[in-house]
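Before any comments, here is the structure.
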Amino acid sequence: MRKNLIFILAALTITIQTKGQETLSQLAGKVSYITAQNIYVKFESTENIHVGDTIFRSVDNILIPLFIVENLSSVSCVGLPLGPSDVKADDPVVAKVRIKIKKEKPQIDQPANQIARQDTTSTGNDSVPKPIVDKRRQSIQGSLSLSSYSNLSNTPVDNSQRMRYTLSLRANNLADSRFSVESYISFSHQLKRWAEVQANIFSALKIYSLALQYDISKKTNISFGRKVNINLSNIGAVDGLQAETSIGQMTFGAIAGSRPNDADYNVNIKLLEYGAFVGHSVLGKMGRMQSSLAFFEQKNTGITDRRFVYFQHDNSLLKNLFLFTSFELDLYKVVEGVPKNEPTLTGLYASLRYRIFKPLTVFVSYDARKNVIYYETYKGIADRLLEDATRQGFQARINYRLGVFGSLGVTGGYRFRTNDINPNENLNGYFTVNQIPGIKVSATLTANLLKTNYMDGSIYGLRLYRDIIPGKMYGEFNYRFVDYHFVNSDSRLVQNIAQANLSWQFNNKMSFSLDYELTLEEVARYHRIYVSLNLRF
């Protein structure tokens with residue numbers, strides 16, 4: 001059964017021939033700030049990102065669409081979230097970009113003595129052919145960001161300040177060689193709690209990526225270090241050796257290494273893992289399609305922890321239609337202490353976005369991902385199988401653009417778990433007016449109604465925003481009223497939340513952002529201040 005299943009999945013990646021070739025790359029960014037309506041993210045460059053592309057976030061090590069790009073600048077993107085999301089400022093995001101490969105004229109091998117004559121003979125005639133040299137050029141791009149998070153309130157227990165320093169670097173063809181380096185490192189610590197850092201440096205230092213790559217050829221490379229492979233994004237970072245090669249539109253690869261430590265993200269060689277994958281990517285006239293199939297084995301102190309197959313597919317080859325789906329099959333389980341190799345569907349997610357006509361877009365999704373079971377890492381977790389802790393849900397969204405005047409939309413969500421008495425229901429609506437005459441301010445009204453097992457609630461909001469200096473300075477004000485009533489008690493949570501943001505792009509290399517949020521409750525007062533300075537090089 002397992003062999004047949006893997007064969008069927010592999011068949012889904014049959015090659016579709018096109019005239020052009022491209023290489024698939026994963027562009028890392030981060031959430032800059034979030035409003036009641038939009039999510040803003042920043043990248044080192046958006047050169048290969050286009051309006052209509054999808055920005056992803058990682059949920060349980062699975063890339064899930066976060067929003068569709070509606071507007072972008074040289075370093076940032078903005079769009080409407082595709083569903084309820086708990087992302088926060090500085091959370092990592094991913095854009096899958098495809099870079100076209102320019103076809104070069106084939107090189108004809110020449111005898112060594114002929115090449116030597118061309119090098120040493122001077123005829124004074126520029127038309128004499130010269131040997132073609134495969135030239136590489138060093139390119140280095142990176143950014144350094146310094147951020148401060150301050151939480152202040154009239155309850156001293158909540159007062160804190162956290163500093164965060166982030167370095168992102170991509171150096172291609174060092175000294176015009178075949179070697180490249182990539183890194184994404186952050187150091188975050190809370191003031192007056194330096195003892196925690198001294199006790200364990202990795203409580204503050206997080207190395208998300210640090211790898212050296214060697215290009216054997218234009219289509220084959222190997223890398224060593226900590227790296228997230230775009231074809232195995234659900235695996236997360238791997239500490240070890242990775243190799244991959246491309247043949248036409250197909251990509252093949254293998255990985256051997258270990259998983260980062262769950263507690264502090266340090267290297268842990270006891271968590272060995274290895275696997276292989278095959279990927280297929282194609283660019284058509286209407287859009288793109290990418291598929292990947294992977295088999296992976298994860299161990300803990302030499303004993304099988306998890307064995308599974310992962311498949312992911314996104315497709316926009318049909319006009320105005322975007323499909324994304326992914327699923328995982330666990331092939332290993334332990335039943336009453338006896339290991340068994342039986343396929344079990346542990347993850348399924350699918351979303352479909354369709355533009356009926358230019359102003360009207362609909363989006364639907366289904367989520368049926370289960371908690372992953374690691375039989376060695378988490379002792380006794382098999383008992384949770386009795387609870388069948390499956391988070392499932394349907395979601396639908398309709399957006400309508402009113403031309404240059406604005407837009408409106410409604411989102412409905414229905415989510416449930418088998419051990420819940422009642423399902424979770426969510427209804428969200430918004431109305432946006434662009435560039436109000438006279439003041440050139442855009443405004444968005446929002447309403448969100450929630451109903452869960454333990455709470456009935458509502459959130460109403462107003463957001464005002466405008467370019468103070470076009471292309472240089474951006475300002476925003478946001479107000480929300482929160483009213484939560486807890487079903488099994490008489491308690492109630494009422495909040496008035498006001499937020500102001502100022503972003504300043506000094507030049508192509510430097511930007512600054514200041515965000516202030518005030519939350520008023522019946523007794524408590526909370527002040528949150530976020531300051532960020534970003535330098536690109």
Side-chain angles (χ1 to χ4, degrees), residues 30-42 81 84-92 145-166 186-200 203-206 264 426 428 444 446-450 452 454-465 474-504 512-534:
K30 65 179 181 179
V31 177
S32 53
Y33 55 96
I34 304 167
T35 67
Q37 189 56 39
N38 289 321
I39 297 177
Y40 296 79
V41 297
K42 286 187 177 180
S85 172
D86 57 355
V87 294
K88 306 178 296 297
D90 265 4
D91 279 359
S145 66
L146 299 86
S147 305
S148 169
Y149 303 84
S150 299
N151 292 304
L152 306 172
S153 73
N154 56 353
T155 57
V157 69
D158 294 320
N159 293 337
S160 65
Q161 183 174 5
R162 178 175 293 276
M163 304 298 298
R164 189 173 193 263
Y165 315 92
T166 303
S186 73
F187 186 87
S188 178
H189 67 95
Q190 195 165 319
L191 297 184
K192 300 180 180 180
R193 297 178 63 175
W194 189 250
E196 296 178 4
V197 180
Q198 293 176 315
N200 180 11
S203 66
L205 179 64
K206 296 293 183 287
D264 56 13
N426 177 282
N428 177 50
T444 298
T446 61
N448 197 330
L449 305 179
L450 306 169
T452 69
Y454 59 91
M455 178 190 69
D456 286 336
S458 59
I459 305 174
Y460 302 96
L462 169 66
R463 172 176 167 247
L464 305 173
Y465 50 100
Y474 171 88
E476 177 181 332
F477 173 79
N478 184 24
Y479 169 77
R480 285 174 293 164
F481 174 74
V482 179
D483 186 3
Y484 288 157
H485 174 69
F486 298 96
V487 177
N488 297 325
S489 68
D490 294 330
S491 60
R492 184 182 178 189
L493 175 65
V494 177
Q495 293 180 324
N496 289 275
I497 304 173
Q499 179 186 22
N501 174 271
L502 181 66
S503 298
W504 190 355
F512 173 80
S513 178
L514 172 63
D515 190 279
Y516 170 73
E517 182 180 278
L518 171 64
T519 301
L520 302 177
E521 297 181 1
E522 184 176 359
V523 177
R525 303 288 185 271
Y526 301 96
H527 306 267
R528 298 179 180 87
I529 304 172
Y530 170 66
V531 181
S532 178
L533 178 65
N534 187 273

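Only heavy atoms go into these numbers, but all of them, side chains included; no hydrogens, no water, no symmetry mates. Position 1 is the first residue of the sequence; numbering continues from there. Small disclaimer: the values here were computed from a predicted structure and weren't measured.
- N154 is linked by a side-chain hydrogen bond (donor to acceptor under 3.5 Å, both in side chains) to nothing, counting only residues two or more places apart in sequence or in another chain.
- Taken to the nearest 0.5 Å, the NZ atom of K206 stands 12.0 Å off from the OG1 atom of T166.
- For the atom pair OG (S188) and OH (Y165), the distance works out to 9.0 Å, reported to the nearest 0.5 Å.
- In the displayed structure, E522 atom CD is contacted under 6.0 Å by at most 12 heavy atoms of other residues, nucleotides or ligands.
- Listed here is the closest heavy atom pair of L514 and V531: CD1-CG2, 3.5 Å.
- Ring orientation note: the planes of Y465 and Y474 are tilted relative to one another, at an angle of 30° to 60°.
- To the nearest 0.5 angstrom, D515 atom CG is 11.5 Å from S147 atom OG.
- Side-chain N/O atoms of S503 and N501 include a donor and acceptor closer than 3.5 Å.
- Among residues two or more places apart in sequence or in another chain, the side chain to side chain contact (heavy atoms under 4.5 Å, CB included) test is passed with Y516 by L518, H527, I529.
- With sequence neighbours left out, the side chain to side chain contact (heavy atoms under 4.5 Å, CB included) criterion links R528 to N151, E517, T519, Y526.
- Residues E476 and L464 fail the side-chain proximity criterion, which asks for heavy atoms closer than 4.5 Å.
- To the nearest 0.5 angstrom, I459 atom CD1 is 5.5 Å from L450 atom CG.
- Looking at heavy atoms from C-beta onward, Q190 lies out of side-chain contact with Q161 at the 4.5 angstrom threshold.
- Within 6.0 Å of atom CZ in R525, more than 12 heavy atoms from other residues, nucleotides or ligands are found, so the atom counts as buried in its surroundings.
- Among all heavy-atom pairs drawn from N200 and S203, the shortest one is O-OG, 2.7 Å.
- Side chain of N159 to main chain of S153: a donor-acceptor pair is present (N/O by atom type, distance under 3.5 Å, no hydrogens or angles).
- With sequence neighbours excluded, the residues satisfying side chain to side chain contact (heavy atoms under 4.5 Å, CB included) with L493 are Y484, F486, Q495, E521.
- Within the structure, salt bridge (Lys or Arg N to Asp or Glu O under 4.0 Å) contacts touching residues 190-200 (residues at least two apart or in different chains) are R193-E196.
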Task: Evaluation steps, side-chain hydrogen bond (donor to acceptor under 3.5 Å, both in side chains), between N496 and Y479 - done: CA-CA 8 Å; N496 289 275; Y479 169 77; 2.5 Å; yes
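- Annotation: ring pair (Phe, Tyr, Trp, His ring centres under 6.0 Å) contacts of F481 (sequence neighbours excluded): none.
- Here the OG1-CG distance, from T444 to L462, works out to 8.0 Å after rounding to the nearest 0.5 Å.
- Taking the side chain as every heavy atom from C-beta outward, S186 and R164 approach each other to under 4.5 Å.
- No side-chain donor-acceptor contact under 3.5 Å links R463 and T446.
- In terms of heavy atoms, A447 sits closest to N428 at O-OD1, 2.9 Å.
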